[in-house]
Amino acid sequence: MLGEWQKLEENYPAGYTLQKITYGTHEQQEIYLTLPAGKKDFPLIIWFHGGGLTGDEWQYPSELWNGEYGAAIIRHRTSGGPFNALDSLADSVEATAWVLAHLAEIGAAPEKVFLGGLSAGGWLSAMIGMNPELLAKYGFDNKCFAGLLLVSGQMTTHFQLKKDLGYNSTDYEPVIDQYAPIRYASKDLPPVILITGAPGMDMPGRPEENAFMAATLRALGHTDAEHFALPGHDHFASFCSCDFLLLRFMDRILNNNR
């Protein structure tokens, strides 16, 4: 909802500057840059909101605004009316490429860029960070990221995309095709952290498929893939409690303590 994004414009944290960037002509094609004031060569988090690819409301882990990390919070066209989940994915790739092309202007260090998101945003960031073809269209390598921050994202083909494209499957029937992040599991991917709620409390199958993603990456020889299923946490609560784990993961990578 536009009102929710206006709240971000009016209530970004102290010690940060805000820049709103448009990368297309539609009102949803926006990037909100919250940058630590007076700093250069800072780590940057490119972040995608949740909402099942139909919701248009920002979320960002508040503790990541700690004065050290910058954020590029992406808004994209959502499924419904004239648009579908492929438009959401296309926008997200384009917005990510815009950020990568403007790191010098933003002031972020190119080797310290993380990519992540919540729920549908976790699916988007996993697709962009794992499928090499998506960013290659813009001249970028998906291995450029310092790490992938995946909070309760779908690792199989997203249920809204299946609806939009007329798949003959239910929401929770797993499909692994070109739109499934797990199809692109590889030992050569950046470090990956996956955080979900508990089995039986998060969305059906969500903790298990994230655990399978981490196990698959490790089986393929990936040396830095971990999954945390948070006890007592449902789907959204996993987002509310993800800050510490994400900060610990990023700080470890930036301190070369892998």
Side-chain angles (χ1 to χ4, degrees), residues 4 45-66 71 73-74 78-79 85 88 92 114-130 147-163 169-176 179-183 185 189-219 222 224-252:
E4 291 297 319
I45 302 164
I46 302 173
W47 185 265
F48 298 96
H49 64 83
L53 302 177
T54 61
D56 181 28
E57 182 175 345
W58 72 277
Q59 307 103 9
Y60 184 71
S62 60
E63 294 300 317
L64 304 190
W65 278 316
N66 64 354
I73 303 172
I74 308 299
T78 48
S79 179
S88 303
S92 299
F114 295 87
L115 180 70
L118 163 69
S119 193
W123 176 78
L124 290 168
S125 50
M127 283 295 298
I128 296 167
M130 300 179 78
L148 304 181
L149 317 174
L150 309 180
V151 181
S152 203
Q154 192 161 352
M155 297 298 109
T156 55
T157 298
H158 195 277
F159 60 82
Q160 184 61 43
L161 185 144
K162 293 191 296 181
K163 290 179 182 177
S169 65
T170 63
D171 282 359
Y172 301 116
E173 183 178 346
V175 171
I176 298 176
Y179 301 116
I182 199 166
R183 178 171 179 170
L189 292 171
V192 182
I193 183 171
L194 303 109
I195 301 171
T196 66
M201 296 188 71
D202 203 324
M203 297 181 72
R206 191 62 55 90
E208 291 82 1
E209 67 181 63
N210 276 260
F212 183 51
M213 170 67 89
T216 298
L217 288 168
R218 292 192 295 266
H222 195 292
D224 200 346
E226 50 188 350
H227 169 235
F228 297 90
L230 304 182
H233 286 64
D234 62 17
H235 184 63
F236 192 74
S238 66
F239 165 73
C240 297
S241 295
C242 72
D243 308 59
F244 170 77
L245 289 170
L246 294 181
L247 284 170
R248 187 180 69 172
F249 173 78
M250 292 186 291
D251 289 349
R252 173 173 60 81

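Quick caveat, the model's predicted, so the values are computed rather than measured.
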Minimum side-chain heavy-atom gap Leu53-Phe159 below 4.5 Å:
no

Could you grab the distance from atom CE of Met213 to atom CD1 of Ile182, nearest 0.5 Å is fine?
5.0 Å

Ser79 and Ser88: which non-hydrogen atoms are nearest, and at how many Å?
N-OG, 4.0 Å

List the atom of Ser125, the atom of Leu150, and the distance in Å for their closest heavy-atom pair.
OG-CD2, 3.3 Å

When rounded to the nearest 0.5 Å, the distance separating CZ of Arg206 from OG of Ser152 is 5.0 Å

Tyr172 OH to Gln154 CD distance, which is reported to the nearest 0.5 Å:
9.0 Å

Thr196 and Asp202: side-chain donor and acceptor closer than 3.5 Å?
no

Look at the aromatic rings of Tyr60 and Trp47 and report parallel, tilted or perpendicular, splitting at 30° and 60°.
perpendicular

Please check: side-chain N/O of Asn210 versus main-chain N/O of Ile195, any donor-acceptor pairing under 3.5 Å?
no

Distance from Ser92 atom OG to Ile46 atom CD1, nearest 0.5 Å?
11.0 Å

Closest contact, heavy atoms only, Gly52 versus Ala120
N-CB, 3.7 Å

Can Asp171 and Lys163 be counted as an ion pair, charged N to O under 4.0 angstrom?
yes

Sequence neighbours excluded and cut-off under 3.5 Å, please list the side-chain donor-acceptor pairs for residues 240-250, or say none.
residue : atom : partner : partner atom : Å
Ser241  : OG   : His233  : NE2          : 2.8
Asp243  : OD2  : Ser62   : N            : 3.3
Asp243  : OD2  : Glu63   : N            : 2.9

Side-chain donor/acceptor of Gln59 to backbone N/O of Gly50, under 3.5 Å
yes

Report the distance from atom CG of Leu148 to atom CG of Leu189, rounding to the nearest 0.5 Å.
7.0 Å

Can you find a heavy atom in the side chain of His49 that is under 4.5 Å from one in the side chain of Glu4?
no

Identify the two heavy atoms, one from Ala214 and one from His227, that lie closest to each other, and give their separation to 0.1 Å.
CB-CB, 3.8 Å

Closest approach of Ala198 to Pro231 (non-hydrogen atoms, all atoms of both residues):
CB-CA, 4.2 Å

Side-chain contact test, heavy atoms from C-beta onward, threshold under 4.5 Å: evaluate it for Tyr179 versus Trp123 and give yes or no.
yes

N/O donor-acceptor pair under 3.5 Å between Lys162 side chain and Val175 backbone:
no

Among all residues two or more places apart in sequence or in another chain, which pass the ring pair (Phe, Tyr, Trp, His ring centres under 6.0 Å) test with Phe212?
none

Gap between atom CD1 of Ile45 and atom CG of Leu115 - 0.5 Å precision:
10.5 Å

On a heavy-atom basis, the closest approach of Met130 and Ala185 is CE-CA, 4.0 Å

